[in-house]
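Predicted model only: the values in this text are computed from it and were never measured. Below, chains carry the letters A, B, ... as their sequence lines are ordered, and counting in each starts from 1.
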Amino acid sequence: MFMKLLKNKIKSIFGTVFENQGLEPKEFEHLIQTPRDTNVCDLCIPCFSLAKIMKENPKIIAENLAKEFNEIMGTEVNVEALNGYVNFLSDSKWLVKKIFVDNYCFFEQINKNKILIEHTSANPNGPFHVGRARNAILGDALVRLNRDIGNDVIAEYYVDDMGKQVGILSWALENISSEEVNQILKSNNMDDLNPIWKNKQDHVRVRWYQAANILRKDNQKIEEELTEIINKSEEGDEEVLQQFKNAFQPILDGMLETLSELGIKYDSFTNESKFIIDGTVNEIMKRLEKSNLYGEAENGAKFLELSGKGVSGKSTKFFFQRGDGSSLYATRDLAYHQWKWGVSEKLINVLGEDHRLQSKQVSVALTELNIKCPEVVFYAFIKLPEGKMSTRRGNVVFMDDLIIEAQEMALKILSERKSNLNDDKRLKIAKSVASSAIRFNILKVSPEKGFTFKWEDALSFDADSAPFIMYSHARSCSIHEKVKSLELKEVDLEISEIEINESTSRLLRTILRYEDAVEKSVSENKPNHFCSYMLELSTSYNLFYRDSPIIKDEQINKFNYNVSEYSRKLLFRGCNALGLIPLESM
RNA sequence: GGGCGCAUAGUGUAGUGGAUAUCACGCUGGCCUUCUAAGCCGGCAACCGGGGUUCGAAUCCCCGUGUGCCCGCCA
């Protein structure tokens, strides 16, 4: 809701006004809403639904209500009737008082939670491509936004340290020579290893994974060997699990190095095998047998029948135990969820849209087990113009390559604009711009919408991008530095004497919507909303910057400086909440 | 065959029942001896089709079309 401050004020007199009109206030409080265009007013009440009840033209109802509100409201908020709406517009000086004198604080009234956000959890079998990285970027933004509100957040990576994928990798590293790998990939028209990544193990070892997938296609002997080690891993065999770990850990380290370039870090890593070893997977499987949905296949495999639970398709069975008694990925996921609820009060999972059915099955099973369900954020895939990205087939854009390209683009722009920087400074700016721009280009799109990756878009640093926001922040920093050098003497603000122009008024209103913007993104798990807000905040600051000089003839306009400083700090805070790097100059 | 997502200017997007449909790229015309022009100001251009619910639908429901994902005792 737009401006909590204003809404509370309207609510405080809402009852009196509506009672005077013979209406029960509680039934109509929900009518207070954000206008579509926030330049028209701050909050409004549409009167169309009242027309029927009051048997009156909405325009006239709005006029009557506006009159009543005006009589009680005082000068802090202007109330006007327009086109059947009651429009509320806060007085700019009231906003100035709230921000600069009363030091209004964001998120004071919100309940703080302990939240575990599980994101990325990509199988450690190769480098991040742009598609997989959408998960990490989204998840990390949710972590940051929740922290901005004041929630206590655990950023969690679930490591697939057992089963088929790492099994294949491990087998490949034991059984295929480097020469063979190169030869196999070459004869299958797969790209060579880019020399710049020759020391990065995720890029090196993924080639073994790819080669093994080609070799095992029609080779019964390899399949048998794989089955043996995979089975052992699923039984919790320590030796095999260690062998798997030796195979994937250098890859995982490489992947985390890539994410770290994008400012993404985790608080904890949990291994899938943990729940086999500690026995909770077995316990879960026993409990599931008591479910009304329980069924058994001819070979003893166990499942829940979900046809009555909104699941349909070729198969409506959710298998949680194989015929040989071993567990499946989803079963371990159930045990994992039980564990997660032990360490936090709220769970968020970030998953690709291919996991929609899986996630539904897990939710039904959790309900059968009397375990609460997590919130799940699904995102659509990023395609290439040539089609779907696939690590196995090598049809990918690596995040590492995108980062390098983005840095080079930023360096090129810098050399056109700023010739007086040394190389260190230049590289630091380029890295920050690249990382921020990549993150923002993914975050600004609503998670459920898929998009096609295009280099041209990914490397665009114009408006509607992170550098646009960072640039506004850098401008405010530049002013800050200049004012400091002029040694301003502290002078109290005399609100009554301040002149507030239109762009300043707009900026103040945008500032006070910060809270609502973060809350909306957090409650809906959609960082793209907050991206829009940050673009608006930057635009508002740019207009203020144009119209309201802070330093003129060596004199400092104290009020404008205060507004600029507040904006600078808020831009900084908002950048952090999205994982953009707010530079002081660029 | 079935299920689930998505469909808004040439392109990409915002919007979850209300005012003249947002922002950007693009095309086009302006603004740097003035706090960073990665900026600012003006113009062009859009709700997939058909029904329904409603005082009011881009938004909710139904049918269709297109597109993505899924339907494994894989992860």
Side-chain angles (χ1 to χ4, degrees), chain A residues 33 35-37 40-41 44 46-49 51-52 58 82-85 87 121 123 125 160 162-167 230 272 297 299-303 310-317 319-324 326-330 332-333 352-358 360 378 380-381 383 388 410 413-414 416-418 433 437 444-446 448-452 454 456-457 460-472 474-483 524 528-529 531-532 535-536 538-539 542-543 545-553 556-557 560-561 564 585-586:
Chain A
Q33 58 185 245
R36 191 151 296 300
D37 182 355
V40 176
C41 59
C44 65
C47 299
F48 306 98
S49 58
K52 219 176 201 173
L82 184 69
N83 303 332
Y85 289 80
N87 288 342
S121 304
N123 289 329
N125 55 12
D160 175 24
M162 53 185 286
K164 196 181 255 183
Q165 304 225 21
V166 280
I230 290 166
E272 201 178 320
N299 67 348
K302 297 171 180 176
F303 61 84
V311 173
S312 55
K314 284 175 191 160
S315 169
T316 55
K317 290 177 174 52
F319 281 91
F320 62 88
Q321 190 177 110
R322 293 198 188 95
D324 66 5
S326 64
S327 66
L328 287 117
Y329 171 82
R332 291 165 230 143
D333 206 20
E353 61 179 344
D354 54 337
H355 281 65
R356 277 192 136 101
L357 174 63
Q358 161 89 15
K360 168 100 187 164
F378 294 106
F381 292 128
K383 291 178 299 178
K388 192 181 168 179
I413 293 170
L414 268 175
E416 285 164 7
R417 291 174 212 279
K418 292 204 159 190
V433 167
K444 71 180 179 184
V445 180
S446 193
E448 72 276 10
K449 297 211 183 184
F451 62 93
T452 304
K454 290 182 191 118
E456 186 194 346
D457 297 342
S460 158
F461 300 158
D462 294 336
D464 212 16
S465 74
F468 175 86
I469 297 165
M470 296 161 73
Y471 189 74
S472 295
R475 276 176 153 175
S476 68
C477 288
S478 169
I479 289 171
H480 175 66
E481 286 304 311
K482 197 153 280 186
V483 169
E524 295 177 22
N528 60 304
H529 288 138
C531 288
S532 304
L535 290 170
E536 274 180 56
S538 306
T539 301
N542 288 342
L543 300 184
Y545 171 90
R546 178 196 64 192
D547 294 338
S548 310
I550 287 148
I551 306 160
K552 210 174 187 179
D553 308 325
I556 296 158
N557 180 317
N560 287 346
Y561 180 55
S564 181
S585 72
M586 59 187 282

With a 4.5 Å cut-off on side-chain heavy atoms, are [Y] and [X] touching?
X	Y	answer
Cys44(A)	Gln33(A)	yes
Val166(A)	Asn123(A)	no
Val483(A)	His480(A)	no

Expressed in whole Å, how much space separates the [atom1] atoms belonging to [N] and [M]?
N	M	atom1	result
A14(B)	A75(B)	P	35 Å
C48(B)	A9(B)	C1'	14 Å
U16(B)	U22(B)	C1'	15 Å
U13(B)	C6(B)	P	14 Å
A46(B)	G15(B)	C1'	14 Å

Expressed in angstrom and rounded to an integer, what is the separation of Asn542(A) atom CG from A24(B) atom C1'?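 Atom CG in Asn542(A) sits about 14 Å away from atom C1' in A24(B).
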Compare side-chain N and O positions of [X] against OP1 and OP2 of [N] and report whether any pair is under 4.0 Å apart.
X	N	answer
Arg546(A)	C35(B)	no
Ser446(A)	A14(B)	yes
Lys449(A)	A7(B)	yes
Lys52(A)	C55(B)	yes
Arg322(A)	C74(B)	yes
Arg36(A)	A14(B)	no

What about Asn528(A): does its side chain form a donor-acceptor pair under 3.5 Å with the base of A14(B)?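 No.
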Look at the side chain of Gln358(A) and the base of A75(B), then say whether one donor and one acceptor between them are separated by less than 3.5 Å.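 Result: at least one qualifying N/O pair found.
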Counting side-chain heavy atoms from CB outward, which of [options] is closest to [X]?
X	options	answer
His355(A)	U36(B), C40(B), A75(B)	A75(B)
Val445(A)	C40(B), C74(B), U13(B)	U13(B)
Arg356(A)	C74(B), C4(B), A37(B)	C4(B)
Phe451(A)	U13(B), C71(B), A37(B)	U13(B)

Just jot down the salt bridge (charged side-chain N to carboxylate O under 4.0 Å, His left out) partners of Asp160(A), sequence neighbours excluded, or say none.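 Partners of Asp160(A) by the salt bridge (charged side-chain N to carboxylate O under 4.0 Å, His left out) criterion come out as none, since no residue qualifies.
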Using purine N1 to pyrimidine N3 plus N6-O4 or O6-N4 for Watson-Crick, or N1-O2 and O6-N3 for G-U wobble, each under 3.5 Å, what pairs with [N]?
N	answer
G72(B)	none
C47(B)	none
G66(B)	C6(B)
U53(B)	none
G39(B)	C31(B)

Counting the atoms with a prime plus P, OP1 and OP2 as sugar-phosphate, which does [X] contact under 4.0 Å by heavy atoms, base, sugar-phosphate, or nothing?
X	value
Ala330(A)	nothing
Met470(A)	nothing
Asp324(A)	nothing
Ile551(A)	base
Tyr545(A)	base
Cys477(A)	nothing
Ala474(A)	base
Ser538(A)	nothing
Ser532(A)	nothing
Phe468(A)	sugar-phosphate
Asp457(A)	nothing
Gly450(A)	sugar-phosphate

RNA chain B: Ala301(A) or Glu456(A), which has the more 5' nearest nucleotide?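 Looking at the nearest nucleotide for each, Glu456(A) comes out on the 5' side.
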For Lys388(A) and Ser49(A), find the nucleotide of RNA chain B closest to each by heavy atoms; which residue's nucleotide sits nearer the 5' end?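 First, find each residue's nearest nucleotide; the 5'-ward one identifies Ser49(A).
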Does [X] reach the main-chain N or O of [Y] with its side chain, forming a donor-acceptor pair under 3.5 Å?
X	Y	result
Ser460(A)	Glu456(A)	no
Lys444(A)	Ser465(A)	no
Arg332(A)	Ser327(A)	yes

Where the chi angle of C32(B) falls, syn if within 90° of 0 and anti if not: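 The base of C32(B) is oriented syn (glycosidic angle within 90° of 0).
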Taking atom OG of Ser564(A) and atom CD1 of Ile556(A), what is their separation to the nearest 0.5 Å?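 One finds 11.5 Å between OG of Ser564(A) and CD1 of Ile556(A).
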